Each structure stands twice: as C-alpha cells, then as structure tokens.
Visitor: 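One structure coming up, written as structure tokens, with questions to follow.
A quick note: this is a predicted structure, and the numbers were derived from the prediction, not measured. In listed order, ligands and their atoms are each counted from 1. FYI, side chains are in, hydrogens and waters are out, and symmetry mates aren't considered; it's all heavy atoms of this structure.
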Amino acid sequence: MSSTYDVIIIGAGAAGLMCASTAGYRGRSVLVLDHTNKPGKKILMSGGGRCNFTNLNSTPANFLSDNPNFCISALKRYTPQDFLELVDRHGIEHEEKAAGQFFCKNSAKDILNLLLTECGWAGVNLKMKTNIESVMSQGNGYHLKTSSGSFQCESLVIASGGLSIPTMGSSSFGYDIAKQFGVNVLPTSAALVPFTLPLQLKERLAPMAGVSCSVEVNCNGAVFREPMLITHRGLSGPAMLQISSFWHPGDAIHINLLPGVSVGDCLHEYRRTKPQSYTHHFLEDFLPKRFARAFSELQQWIKPFQFCHNEDLKAIADVLSQWEVHPAGTEGYKTAEVTLGGVDTRDLSSKTMSARNQPGLFFIGEVLDVTGHLGGHNFQWAWASGVAAGQHV
Ligand code: FDA
C-alpha cells in the first residue's frame, strides 16, 4: 500500500519548506520528506546563528550560473521585500547589518519557526528520518520507496540542496535524480569557502592569525571590498569567501591591503617626514599593529625609509596594492557555505522550475546551478525558486 499526495518535496530546507507552504495554500496535498532528524539545519547555522535571510539589493547580477538569465524571472516574482513582509507578519525582530543584508535580531530559529508555522497553516505533512530508496516515474506521476514506506505523487520537487557541510545532511541525491531522469548536471565545486595556503606561506602568516582587515580582492575579473581574516589554516573572512566563487585551482588572487589609499604618494610623504621610521610604522597607520609588523617581516622590509630609493618605495607600493597570493586550494565542502554548479538550468523552465523533458519533476534551491554571492542572496534564491515551483506543482 502506498500513500498518495499531490506533491512530494524531498528536502526540508529553506527552498523545500517555502515551496511546501506555497503549494499547500493552493489546496494541494503536500508531503515533505527528509533524511535528517530535524528540518532546516542550515537555516539554524546560517549567518552566525542569526540567519542573513535576504538582501534588499539582490539582483540577478549577484548570482553565478552557466545560464545567467535563468534566475531573473523567479527573483522578479518573489522579491526580498516580499520575504521581509512575511518576516514582519510573523513579528520577527530583524536588523539591517550591512547595506541591504537583513538578519534576525534574536535567532535564526525565528526563520525556521516561520517556515514551519506557514507549513502548518497550509496543511503540509512533514516526515523526517526518511531515506529515499528509489524514485520511479509511474503513470502521470512518481512512485517513491522510502524507509518510511511507499508514496505516490503527481509532482515531485527536489529540494535536497548542494554538497556543503556533509554533517548537516547534504547529499548528491538531487544530482543523482537529475541524471536518472536525463537532466544534465554541471560540475560542482565548493564556494563561499576559505582558502588554504602553501605550507611555507601558511607558517609565515601564522603570527597574524586572528587579524582582520578590510581589503579589496580580485580574481578573474571579480572584485570585492570586504574584510579579510587570517586564520591558522589560511585566508578567510567575507572578502575571501566571495572571491572563492570565482577562483579556479592554480589561479592567483590579488589583494589590495590599502584600498582607497594612494599608497605611492603616502610612502613618499612618509619618507620625507619620518625618514627614520620603517614600513611597519607606515602600515600601523592603516592596519592592525600585529599585521603591520608580521607582514613587513614576511616581505623583508627591513630598511628605514631614509635608505629606501624610489624603486624600493614602488616595490612596496606594488605589494601593498596587489599582494599576489597563490592559494593551495580551498577548505572544500567541509566548511563551504554553498555549492557552485549543479543541475543545469537550461533543462528547466525558468517560470515553473520543472524539467523540460520530465513532466512533474521540479528542482529548486541550491541543487540548481544558481549560486549567490555572500550576503543573503542564497536564501533569497531558495525563497524565490521555492515559490515559483510551489505555484505550479
Ligand atoms: P538545504 O541544504 O538548506 O536543504 C536541503 C535539505 O535536503 C536538507 O534538510 C537535507 O537534509 C535534505 N536532503 C539532502 N539529501 C537528502 C536525501 N538524500 N534524502 C532526503 N533529504 C535529503 N545563505 C544566506 O543567504 N544567508 C546566510 O546567512 C547563509 N549562511 C550560511 C552559513 C553556513 C554555515 C552555510 C553552510 C550556508 C549558509 N548559507 C547562507 C547558504 C544557505 O544555507 C543555502 O543556500 C540554503 O540553505 C539552500 O537551501 P536549500 O533548501 O536549497 O538546501
């Protein structure tokens, strides 16, 4: 005997729960299945426990995809303001931390409770600790064998997310289902992830671990001005996470340690006014003291300015404004916030999120090849793609 629903959604994360309530409010009978013990685990750990749930400045330009126009339609139909209104309707206290980035004032739990409340009101059924053993197309729908029994549905939504943080329930399920039903899957890689460094550089940066400074980083044409954090493992902080989405193994990244400063002019002025001082003294005017000293040692800037020729000053200015770093790699899916690549959106309808070749099969959220910048864009994509599918399942 199998239980029958109009819609089954695999994955009780941000996209799956949003899709579930949207479909439930349309009068569809909805079952959400998930193999972990609790829904929305990534929501709870997001934004340092306070969930950066949207970004008011989110536009399609904040997303990476092989098919960049795909996300436009869904993002237009469900906007950051729409989600903010929902948050306000639930009386959740929030704050804008950086321009456009909205966080919960208290806890990310508020966002999960919102989604679960909406699902409750919409009559959604939720079954956790359920392993999906097989999915077959059957008649006009799908038949699922699971550890909680067999189920049938007309519409099947894959909202199983990407590969980041395997301990939170991530799996390749969505990609496997796509391949099973002839939907193309693009290569994946860890994104919004810290860099690891070659051993020698890592050891030499170790005295600076814990230091954070605002930098401008560029790689492959992308530029971000945000804080960088030096860790015992390598380079992290928003600037590094952002640029990691554009980095390929073997690439160098270039870091301007003094963005907005006319470094050459300032160095000449320093030599004129403080000839007996050293580069680390100059750097201390702009950067944390510990960083200024350790970085000067790393670069072997050991002469006082009075003994520096113009070409020495130029060499110092070049390093400060274009410090070239060759990361050894990234920390990978273990700590990445998202997965780049995934289900090829060329095989889907941008209006409904359904597979073109497979009626009734939908993909939403992070499992798709749509990856946002840091700053609330990834949740906005989860909400928008979830609503787009929820209106058509
Ligand atoms: P999500 O991963 O949330 O959910 C997928 C669900 O599917 C999970 O519940 C999983 O258990 C289930 N599942 C997987 N395989 C399955 C299987 N085989 N069978 C059954 N169920 C299965 N974004 C943002 O905008 N602002 C932020 O502040 C942050 N912060 C942040 C911090 C950290 C540490 C991480 C790791 C990520 C973020 N993100 C973020 C990214 C954001 O969390 C992510 O983009 C969304 O959670 C994606 O939502 P989905 O619903 O697509 O997948």
Side-chain angles (χ1 to χ4, degrees), residues 8-20 31-55 58 62-63 80 83 94 97-98 100-104 108 111-112 115 126-135 144-148 156-177 190-194 236 238 241 245 331-340 342-343 353 362-386 389:
I8 292 181
I9 298 170
I10 314 286
L17 294 174
M18 195 69 179
C19 180
L31 173 67
V32 181
L33 299 173
D34 198 296
H35 64 171
T36 59
N37 57 345
K38 285 187 191 137
K41 287 191 173 191
K42 278 196 190 157
I43 296 173
L44 295 179
M45 74 188 302
S46 68
R50 296 212 284 128
C51 187
N52 178 194
F53 56 79
T54 193
N55 190 314
S58 204
N62 295 111
F63 294 86
F83 193 76
H94 52 73
K97 267 206 183 166
Q101 294 181 20
F102 277 79
F103 286 77
C104 296
I111 296 296
L112 180 57
L115 294 167
L126 178 60
K127 213 177 251 305
M128 302 303 295
K129 295 190 195 165
T130 300
N131 291 318
I132 316 300
E133 289 157 5
S134 70
V135 176
L144 280 72
K145 272 198 194 150
T146 80
S147 56
S148 303
L156 177 65
V157 183
I158 308 301
S160 53
L163 297 170
S164 64
I165 324 264
T167 49
M168 291 291 121
S170 313
S171 78
S172 65
F173 179 82
Y175 312 131
D176 300 338
I177 289 290
L192 299 183
V193 60
S236 186
L241 301 189
S245 300
E331 289 184 8
Y333 292 118
K334 191 167 51 86
T335 55
E337 286 202 8
V338 288
T339 302
L340 205 63
V343 173
M353 306 286 136
F362 299 73
F363 294 87
I364 57 173
E366 195 184 318
V367 74
L368 292 173
D369 169 37
V370 176
T371 307
H373 293 175
L374 194 74
H377 305 284
N378 284 297
F379 277 133
Q380 188 54 37
W381 173 245
W383 317 137
S385 59

Visitor: Can you name the closest pair of heavy atoms from Tyr175 and Gly161 and give their distance?
Guide: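 So the two residues come closest at OH-O, 4.2 Å.
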Visitor: Among Thr130, Leu126, Asn131, which residue satisfies the side chain to side chain contact (heavy atoms under 4.5 Å, CB included) criterion with Leu33?
Guide: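 Running side chain to side chain contact (heavy atoms under 4.5 Å, CB included) over Thr130, Leu126, Asn131 with Leu33 returns exactly one hit, Thr130.
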Visitor: Are Asn52 and Leu374 close enough that some pair of their side-chain heavy atoms sits under 4.5 Å apart?
Guide: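 The answer is no; the side chains never approach within 4.5 Å.
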Visitor: If you measure from CD1 on Ile111 to OG1 on Thr54, what distance do you get to the nearest 0.5 Å?
Guide: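 Here the interatomic distance stands at 9.5 Å.
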Visitor: So, regarding Gly47 and ligand 1 (criterion: nitrogen or oxygen to nitrogen or oxygen, under 3.5 Å), is there a contact or not?
Guide: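 By distance alone, the answer is yes.
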Visitor: Considering only heavy atoms, which of Ala12, Gly161, Gly375 lies nearest to atom 53 (O) of ligand 1?
Guide: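 Checking each option, the heavy atom nearest atom 53 (O) of ligand 1 is found in Gly161.
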Visitor: So, regarding His35 and ligand 1 (criterion: nitrogen or oxygen to nitrogen or oxygen, under 3.5 Å), is there a contact or not?
Guide: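 Checking ligand 1 against His35, an N or O pair does fall under 3.5 Å apart.
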Visitor: Would you mind listing which atoms of ligand 1 come within a distance below 4.0 Å of any non-hydrogen atom of Thr36?
Guide: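 Taking each heavy atom of Thr36 in turn, ligand 1 has 11 (O) under 4.0 Å.
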Visitor: Any N or O on Asp34 sitting closer than 3.5 Å to an N or O of ligand 1?
Guide: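 Between Asp34 and ligand 1, an N or O pair is found under 3.5 Å apart.
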Visitor: Could you grab the distance from atom CZ of Phe379 to atom CG of Asn55, nearest 0.5 Å is fine?
Guide: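 Between Phe379 CZ and Asn55 CG, I get 13.0 Å after rounding to 0.5 Å.
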Visitor: Is Gly174 in contact with ligand 1, taking contact as a heavy-atom separation below 4.0 Å?
Guide: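 Contact check Gly174 vs ligand 1: negative.
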Visitor: Within ligand 1, which atoms have a heavy atom of Phe173 less than 4.0 Å away?
Guide: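 Atoms satisfying the 4.0 Å criterion: 17 (C), 18 (N).
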Visitor: Ignoring angles and geometry beyond distance, decide whether Asn52 reaches within less than 3.5 Å of ligand 1 through its nitrogen or oxygen atoms.
Guide: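 Between Asn52 and ligand 1, an N or O pair is found under 3.5 Å apart.
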Visitor: Backbone or side chain, does any N or O of Ala14 fall under 3.5 Å from an N or O of ligand 1?
Guide: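 For ligand 1, there is an N or O atom that lies under 3.5 Å from one belonging to Ala14.
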Visitor: Just to be sure I read this right, does ligand 1 sit under 4.0 Å from the backbone of Ala159, its side chain, both, or neither, counting only heavy atoms?
Guide: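 Near ligand 1, Ala159 shows its backbone, while the atoms from C-beta on stay back.
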Visitor: Shortest non-hydrogen contact from Cys104 to Phe53?
Guide: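 Smallest interatomic distance, heavy atoms only, reads N-CE2, 3.8 Å.
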Visitor: Nearest 0.5 angstrom please: Ile10 CD1 to Phe362 CZ, how far?
Guide: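 The distance works out to 14.0 Å.
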Visitor: Answer yes or no: does an N/O atom from Ser171 fall short of 3.5 Å to an N/O atom of ligand 1?
Guide: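 N/O-N/O distance below 3.5 Å exists for this pair.
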Visitor: Can you tell me how far CG of Leu192 sits from CG of Leu340, rounded to the nearest 0.5 angstrom?
Guide: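 CG of Leu192 is found 8.5 Å from CG of Leu340.
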Visitor: Could you tell me which atoms of ligand 1, counted from 1 in the order shown, lie closer than 4.0 angstrom to a heavy atom of Phe379?
Guide: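 Answer, ordered by atom number: 23 (N), 24 (C), 25 (O), 26 (N), 27 (C), 29 (C), 40 (C), 42 (C), 43 (O), 46 (C), 47 (O).
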Visitor: Out of Cys104, Pro39, Ser46, Gly372, whose heavy atom sits nearest atom 29 (C) of ligand 1?
Guide: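 Nearest heavy atom to atom 29 (C) of ligand 1 lies in Ser46.
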Visitor: Any N/O of Ala15 closer than 3.5 Å to an N/O of ligand 1?
Guide: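 N/O-N/O distance below 3.5 Å exists for this pair.
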Visitor: State the atoms of ligand 1, each with its element, that fall below the 4.0 Å cut-off from a heavy-atom position in Gly365.
Guide: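 Matching atoms, with element in brackets: 52 (O).
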Visitor: Under 4.0 Å from ligand 1, counting heavy atoms only, is it the side chain of Leu192, its backbone, both or neither?
Guide: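 For Leu192, there is no contact with ligand 1 at all, from either part.
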Visitor: Can you sort out which atoms of ligand 1 are near Ile165, meaning under 4.0 Å from one of its heavy atoms?
Guide: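 The list of qualifying atoms is 36 (C).
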Visitor: Quick one: CG on Leu156 to CG on Leu144, what's the gap to the nearest 0.5 Å?
Guide: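 Taking CG in Leu156 and CG in Leu144, the distance rounds to 5.5 Å.
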Visitor: Measuring from atom OG of Ser385 to atom CD of Gln380, what distance do you get when rounded to the nearest 0.5 angstrom?
Guide: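 Going from the OG atom of Ser385 to the CD atom of Gln380 covers 9.5 Å.
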Visitor: Nearest heavy-atom pair of Ala336 and Ser164: which atoms, and what distance?
Guide: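 Answer, listing the atom of Ala336 first, then Ser164: O-CB, 3.0 Å.
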Visitor: Using a 3.5 Å cut-off on N or O atoms only, is Glu366 in polar contact with ligand 1?
Guide: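 Yes, there is a polar N/O contact under 3.5 Å.
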Visitor: Assess, by modelled atom type and distance only, whether the side chains of Thr146 and Lys127 contain a donor and an acceptor separated by less than 3.5 Å.
Guide: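 There is no such pair (donor and acceptor under 3.5 Å, judged by atom type) between the side chains of Thr146 and Lys127.
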Visitor: Only heavy atoms of Ala336, strictly under 4.0 Å: list the atoms of ligand 1 that pass.
Guide: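 So the atoms of ligand 1 that pass are 36 (C).
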Visitor: Which option, Gly13, Gly11, Ser164, Ser58, owns the non-hydrogen atom nearest atom 1 (P) of ligand 1?
Guide: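 Among Gly13, Gly11, Ser164, Ser58, the closest heavy atom to atom 1 (P) of ligand 1 comes from Gly13.
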Visitor: As an exercise, identify every atom of ligand 1 less than 4.0 angstrom from a heavy atom of Ile10.
Guide: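 This gives 20 (C) as the contact atoms.
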Visitor: Considering only heavy atoms of Asn378, which atoms of ligand 1 have at least one such atom less than 4.0 Å away?
Guide: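 So the atoms of ligand 1 that pass are 23 (N), 25 (O), 45 (O).
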Visitor: Ignoring hydrogens, what is the shortest heavy-atom contact between Ser58 and His377? Give both atom names and the distance.
Guide: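 Minimum heavy-atom contact is OG-ND1, 2.9 Å.
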Visitor: Keeping the roles fixed (side chain from Ser170, backbone from Ile165), state whether a donor-acceptor pair exists under 3.5 Å.
Guide: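 Confirmed, Ser170 side chain pairs with Ile165 backbone.
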Visitor: Closest non-hydrogen protein atom to atom 39 (N) of ligand 1, residue and atom name please, with distance?
Guide: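 So the nearest neighbour among protein heavy atoms is Glu337 OE1, 3.8 Å.
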